[in-house]
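Encoded as structure tokens, the structure appears first; notes follow it.
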Number of protein chains: 2
Amino acid sequence: MSGLSIGQVAERTGLSVHTLRFYEREGLLAQPVRRGTAGHRVYDEGDVDWLGVCVRLRASGMPLTDIRRYTELVRAGQGNEAERLEVLRGHRERVLAQLHELDESLKLITHKVAIYEGRLGLRDTVPDCVP
Amino acid sequence: MSGLSIGQVAERTGLSVHTLRFYEREGLLAQPVRRGTAGHRVYDEGDVDWLGVCVRLRASGMPLTDIRRYTELVRAGQGNEAERLEVLRGHRERVLAQLHELDESLKLITHKVAIYEGRLGLRDTVPDCVP
DNA sequence: GTTTGCCCTAGAGTCGGCTCTAGCTTCTAC
DNA sequence: GTAGAAGCTAGAGCCGACTCTAGGGCAAAC
């Protein structure tokens with residue numbers, strides 16, 4: 001059932017094959033990828049799942065160095081759960097802060113959009129008859 | 001009442017003086033900044049307000065080129081409101097998408113945090129007495 | 001009168017995160 | 001047997017957004 005080529009993993013994760021190799025060089029993979037004939041990478045579902053986590057962490061702005069750090073903790077196995085928790089909690093804080101920032105920005109943008117819609121509406125639309 | 005030095009504006013906006021000069025070079029200012037003795041920049045409240053908008057747009061991920069484009073429209077004066085609206089709406093879409101992404105990531109992270117808290121809790125805490 | 005502090009310009013440097021290239025191998029299909 | 005697709009490595013290149021440096025000006029405080 002398992003045994004995916006880099007191209008297939010690229011499709012599944014939304015990363016390019018370049019980025020997959022780059023992430024590997026950067027130490028973002030929990031385990032070294034298996035190699036098939038001619039040294040071709042052979043990924044299994046576990047690899048794809050882990051890459052999915054990496055994608056989510058990146059999407060939420062975690063820098064590669066932090067993802068590497070977290071990966072290393074996971075790779076090191078049991079006994080460092082407190083450290084992993086610390087990394088994740090730290091990141092969660094940053095995500096919450098980001099959400100707040102984004103929300104503030106959204107307010108401003110929505111406000112401005114409303115203003116321009118109003119202005120344009122005055123020109124485009126026949127004024128309402130007050131009933 | 002008005003008449004702020006670059007240093008004061010840096011404090012007010014949270015940008016560095018370097019970044020303020022950089023933004024100016026990049027054409028992010030609605031009007032050219034006034035200059036005082038010895039060519040020192042003299043900002044007024046309007047400049048600071050505009051920079052505040054820029055900061056919000058940047059904080060929500062709008063690239064400098066798009067901010068410049070929007071700035072140019074504003075600078076050009078009335079008559080291009082439809083274009084401004086288009087820029088803003090486009091950006092709002094992207095912000096909403098980002099919020100959604102972040103939210104998804106937050107779910108994952110919170111889930112993982114809960115798992116590790118659970119695992120560690122088993123070790124750290126005296127088990128509750130069921131009353 | 002010189003030190004300190006803030007400012008100026010032009011341009012170079014840095015950093016993170018990809019992204020691409022060159023040159024080669026290997027497999028599959030024709 | 002050869003053309004094409006997909007993979008490999010090592011390393012270079014690129015882009016956006018800052019960030020800093022060199023070299024200098026001016027004005028107030030000591």
Side-chain angles (χ1 to χ4, degrees), chain A residues 2-29 32-44 47-48 51-71 91 94-95 98 101 105, chain B residues 2-29 32-44 47-48 51-71 87 91 94 98 101 105:
Chain A
S2 291
L4 300 154
S5 72
I6 196 169
Q8 292 172 314
V9 174
E11 243 180 69
R12 243 159 259 222
T13 58
L15 299 166
S16 72
V17 296
H18 296 298
T19 303
L20 283 169
R21 290 193 276 248
F22 169 66
Y23 278 7
E24 186 179 334
R25 277 211 293 280
E26 292 293 302
L28 299 201
L29 262 59
V33 197
R34 208 161 20 109
R35 295 304 181 115
T37 51
H40 289 199
R41 289 168 180 82
V42 179
Y43 298 80
D44 60 30
D47 295 325
V48 175
L51 281 165
V53 173
C54 291
V55 166
R56 279 261 137 262
L57 293 175
R58 277 297 300 131
S60 50
M62 188 183 272
L64 292 183
T65 48
D66 292 10
I67 302 182
R68 176 165 45 233
R69 167 126 189 279
Y70 181 62
T71 304
H91 186 55
R94 265 166 276 130
V95 171
Q98 251 190 97
E101 279 278 288
S105 302
Chain B
S2 292
L4 299 155
S5 73
I6 196 170
Q8 292 172 315
V9 174
E11 243 179 67
R12 243 157 259 223
T13 57
L15 299 166
S16 73
V17 295
H18 297 298
T19 303
L20 282 169
R21 289 193 276 249
F22 169 66
Y23 278 8
E24 186 179 334
R25 277 210 294 280
E26 292 293 301
L28 300 201
L29 261 58
V33 196
R34 210 163 15 111
R35 296 304 181 115
T37 51
H40 289 199
R41 290 169 179 82
V42 179
Y43 297 81
D44 59 29
D47 295 324
V48 175
L51 282 165
V53 173
C54 292
V55 166
R56 281 260 135 262
L57 293 176
R58 277 297 301 130
S60 50
M62 189 185 270
L64 291 183
T65 48
D66 292 10
I67 303 181
R68 176 166 45 234
R69 166 126 190 279
Y70 182 61
T71 304
V87 171
H91 185 55
R94 265 166 275 128
Q98 251 190 97
E101 278 279 288
S105 303

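Note on naming: letters A, B, ... go to the chains in the order of the sequence lines (proteins, then strands), and numbering restarts at 1 for each one.
Summarising the geometry, atom CG belonging to A:L51 is positioned 11.0 Å from atom CG belonging to A:L57; distances are rounded to the nearest 0.5 Å.
Between B:E11 atom CD and C:dC6 atom P the separation is 10 Å, expressed in whole Å. To the nearest angstrom, P of D:dG7 lies 8 Å from CD of A:Q8. Summarising the geometry, the separation between CZ on A:F22 and P on D:dA12 is reported as 15 Å, rounded to the nearest angstrom. Atom CG in A:L15 sits about 14 Å away from atom P in C:dG17, given to the nearest Å. Between the C1' atom of D:dA17 and the CG atom of B:L57 lies a distance of 15 Å, rounded to the nearest Å. A straight line from CG of A:L51 to P of C:dC18 spans 12 Å, rounded to a whole angstrom. Protein atom CD of A:E24 is 16 Å distant from nucleotide atom C1' of C:dC18, rounded to whole Å. Straight-line distance from the CD1 atom of A:I6 to the P atom of C:dT26: 18 Å, rounded to whole Å.
By the 4.0 Å N-to-carboxylate-O rule, B:R58 lies too far from B:E26 to be salt-bridged with it.
Using modelled atom types, one finds a donor on one side chain and an acceptor on the other under 3.5 Å when comparing A:H91 with A:S60.
Between B:M62 and A:Y43, the residue whose closest nucleotide on DNA chain D is further toward the 5' end is A:Y43. With DNA chain C read from its 5' end, the first of the two nearest nucleotides for A:H40 and A:S16 is the one closest to A:S16.
A close approach under 4.0 Å does occur between a side-chain nitrogen or oxygen of B:R58 and OP1 or OP2 of D:dC18. For the OP1/OP2 pair of C:dC8 and a distance below 4.0 Å, the side-chain nitrogens and oxygens of B:R25 include no atom meeting the criterion. Contact between the side-chain N/O atoms of B:T19 and the OP1/OP2 oxygens of D:dA17 is not found at any separation under 4.0 Å. Note on B:Y23: a side-chain N or O is less than 4.0 Å away from OP1 or OP2 of D:dC18.
Taking every side-chain heavy atom of B:A38 into account, D:dC26 is the closest of D:dC26, C:dT9, D:dC20. Distances were taken from every side-chain heavy atom of A:R35 (C-beta onward) to each of C:dT19, D:dC8, D:dG7; the shortest belongs to D:dC8. For A:R41, taking side-chain heavy atoms from C-beta onward, the closest of the listed nucleotides C:dT19, D:dT9, D:dT19 is D:dT9.
Among the atoms of the strands shown, none is found under 4.0 Å from any heavy atom of B:T37. Across all strands shown, B:R21 has heavy atoms under 4.0 Å from base atoms, whether or not it also approaches the sugar-phosphate.
In terms of modelled atom types and a separation under 3.5 Å, the side chain of A:T71 and the main chain of A:L29 share no donor-acceptor contact. Within the 3.5 Å criterion, the main-chain N or O of B:Q8 finds no donor-acceptor partner in the side chain of B:E11.
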